[in-house]
Protein chains: 2
Amino acid sequence: MTYCVAIKVDAGLIFCSDSRTNAGVDQVSTYSKMYHFGIEGDRQIVINSAGNLATTQSVIAKIRKDIKDGADISLATLDSIHDAADYVGEISVTIQEKHAQHNSNVSFEASFLLGGQINGDSPAVMLIYPQGNHITTSKQTPYLQIGESKYGKPILDRILKPETGLDTAALCALVSMDSTMKSNLTVGPPIELMTYATNSGYMKHSVFEADNQYLRELTKSWDCLIVEAFLQLPPPPQN
Amino acid sequence: MTYCVAIKVDAGLIFCSDSRTNAGVDQVSTYSKMYHFGIEGDRQIVINSAGNLATTQSVIAKIRKDIKDGADISLATLDSIHDAADYVGEISVTIQEKHAQHNSNVSFEASFLLGGQINGDSPAVMLIYPQGNHITTSKQTPYLQIGESKYGKPILDRILKPETGLDTAALCALVSMDSTMKSNLTVGPPIELMTYATNSGYMKHSVFEADNQYLRELTKSWDCLIVEAFLQLPPPPQN
């Protein structure tokens, strides 16, 4: 399984992904699910992937090939994040259909988070479904998730607003990831974090390995703080 | 959808269930999913149900009929919670198979939590799967869930231990329910809580309606406390 979350606040964008891939419990591997495409001074785009690993790797390979070949339509030429999501959605559907021709019993489905900023356009984030269509964030829901999304959703609902600062949004993504890892074995480190400040033209990439001191401190602090918070709740009525 | 959680600590048992039932978003109804069967001085048994409402209602009707008819095997005669779970599992499978004969496109599946104490035996809780088999709690995992279980799992993992007090376990069940209701529309009040102190022979039943003052206070306090806890976390490293 996988867990990725992308957040859009006024101050910028946050992407956070785990790195565990599994096909059954004894085929567990580590793969990055964070892909960065940038042209300095022109565009910064990030993609997170979830689902069938063969599909997601083929989609990323095709995206890279189109850029390298100087294709008319590629992540280097498209004018908006919306069009970029359309383009990736079409590639994804084509690859899934190709594989499904030979075997209809396996799911070749994949989902993607795609976001960034192109040519001074506003920053944006999209969730691309296996069917190739996509949705974006709203003021009320300034985040999108793919993969094992339920364990980490409550903290996002409680904290995130459009005016939330970029550091706070990054912290919220890491706490959401922490809750997911605690409850689901198939989501695990290294944790990757990509931070983009609006109009900065620069994607900051951080990687937290399993033994990362900050990640361990965060996990421990959150454990203690949640228990402390819980102990302050009003006790249930006695009658 | 539904969310029910049953907790077994040394001090006793807790059952907590929501009351929302839906078939699509415009067929939303309120049904209790908390069923109590007791013979004073002999046994106290609680059942929570999730899944196809026709199946769960038929299962409960059959259980009641067997008791009323004085059948050789019923919740009034069986010697252990384990045997009671076997008995309910068999009824559930029989009813599902009967309905599936006429329509194989619909899922008639149902799950149950069953627990209590019989004749001075130890208290126990079981989760009965749609296939009729069942599992119980352990020291490491002193709770069982059915229905929409993921949103409310992290708090159970953080708080519950065998030595947790009964009031704390009840509070933990309510917080778990609160997180689930916040993230999923198809889980909703009234919230029912059943509390059983080991060897007490008495099930205490509480109902919290949507406008219940304690429930609203709990939701508000937890919202504030989580945000306060979050704000105390160490900020992500800046490089």
Side-chain angles (χ1 to χ4, degrees), chain A residues 14 16 148-161 164-176 178-184 191 193 195 204 206 208 212-239, chain B residues 14 16 148-161 164-176 178-184 191 193 195 204 206 208 212-239:
Chain A
I14 298 290
C16 188
E148 185 57 76
S149 62
K150 293 188 178 183
Y151 301 112
K153 186 169 182 290
I155 191 68
L156 303 171
D157 286 331
R158 289 181 198 278
I159 301 292
L160 295 174
K161 295 181 180 60
T164 303
L166 209 49
D167 278 355
T168 305
L171 183 57
C172 190
L174 289 172
V175 171
S176 174
D178 180 62
S179 296
T180 307
M181 286 195 290
K182 200 170 174 75
S183 287
N184 190 304
I191 304 306
L193 188 71
T195 307
K204 185 184 137 196
S206 315
F208 302 90
N212 177 280
Q213 202 191 331
Y214 173 75
L215 202 63
R216 290 172 66 168
E217 195 187 325
L218 182 70
T219 300
K220 206 174 152 187
S221 301
W222 190 235
D223 265 347
C224 294
L225 286 163
I226 287 286
V227 175
E228 274 173 35
F230 180 84
L231 294 174
Q232 289 174 60
L233 284 170
Q238 290 302 316
N239 45 43
Chain B
I14 298 290
C16 188
E148 185 58 75
S149 61
K150 293 187 178 185
Y151 302 112
K153 187 171 183 290
I155 192 67
L156 303 172
D157 285 331
R158 288 181 199 279
I159 300 293
L160 295 174
K161 295 180 181 60
T164 303
L166 209 49
D167 278 355
T168 305
L171 183 57
C172 190
L174 290 172
V175 171
S176 174
D178 179 63
S179 296
T180 307
M181 287 195 290
K182 199 169 175 77
S183 287
N184 190 305
I191 304 306
L193 188 72
T195 307
K204 184 185 139 197
S206 316
F208 303 90
N212 177 278
Q213 201 191 332
Y214 173 74
L215 203 62
R216 289 171 67 168
E217 196 187 326
L218 182 70
T219 300
K220 207 175 153 188
S221 302
W222 189 234
D223 264 349
C224 295
L225 287 164
I226 287 286
V227 175
E228 274 173 36
F230 180 83
L231 295 174
Q232 289 174 60
L233 284 171
Q238 290 302 314
N239 45 42

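In what follows, every heavy atom counts, from backbone to side chain, and hydrogens, waters and symmetry copies are set aside.
Interface remark: B:Ser149 contributes no atoms to any contact with chain A (heavy atom separation under 4.5 Å). Proximity to chain A (any heavy atom under 4.5 Å) is shown, for B:Tyr151, by both the backbone and the side chain. Neither the backbone nor the side chain of B:Cys224 comes within contact range of chain A; no heavy atom of the residue lies under 4.5 Å from a heavy atom of that chain. For a residue to count as touching a neighbouring chain, one of its non-hydrogen atoms must lie under 4.5 Å from one of that chain's; by this rule B:Leu233 touches chain A with backbone and side chain alike. Looking at B:Val175, the atoms closer than 4.5 Å to chain A (heavy atoms on both sides) all sit in the side chain, from C-beta outward. Residue contact with chain B, scored on non-hydrogen atoms closer than 4.5 Å, involves the backbone and the side chain of A:Pro234 alike. Both the backbone and the side chain of B:Pro236 come within less than 4.5 Å of a heavy atom in chain A. Heavy atoms of B:Ile155 lying under 4.5 Å from chain A belong exclusively to its side chain. Only the side chain of A:Ile159 has a heavy atom closer than 4.5 Å to any heavy atom of chain B.
Smallest separation of non-hydrogen atoms from B:Leu225 and A:Ala229: CD1-O, 3.3 Å. The two residues B:Thr180 and B:Glu148 make their nearest non-hydrogen contact at CG2-O, 3.6 Å.
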The test is side chain to side chain contact (heavy atoms under 4.5 Å, CB included); show your working for B:Phe208 and B:Leu218 and say whether it passes. CA-CA 11 Å; B:Phe208 303 90; B:Leu218 182 70; over 6 Å; no

Tell me, with the steps shown, if B:Arg158 and A:Lys182 meet side chain to side chain contact (heavy atoms under 4.5 Å, CB included). CA-CA 9 Å; B:Arg158 288 181 199 279; A:Lys182 200 170 174 75; 3.6 Å; yes

Between B:Thr164 and B:Lys161, is the side chain to side chain contact (heavy atoms under 4.5 Å, CB included) condition met? List the steps. CA-CA 5 Å; B:Thr164 303; B:Lys161 295 180 181 60; 3.7 Å; yes

Please report the C-alpha distance between B:Met181 and B:Thr219 in whole Å, then the side-chain angles of each, then the deciding distance to 0.1 Å, and finally whether the side chain to side chain contact (heavy atoms under 4.5 Å, CB included) criterion is met. CA-CA 10 Å; B:Met181 287 195 290; B:Thr219 300; 5.9 Å; no

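Residue with the most contacts toward chain B among A:Ile226, A:Val227, A:Leu193: A:Ile226 (heavy-atom pairs, distance under 4.5 Å).
Residues B:Ser206 and A:Pro237 have side chains not in contact (no heavy-atom distance under 4.5 Å, counting atoms from C-beta outward).
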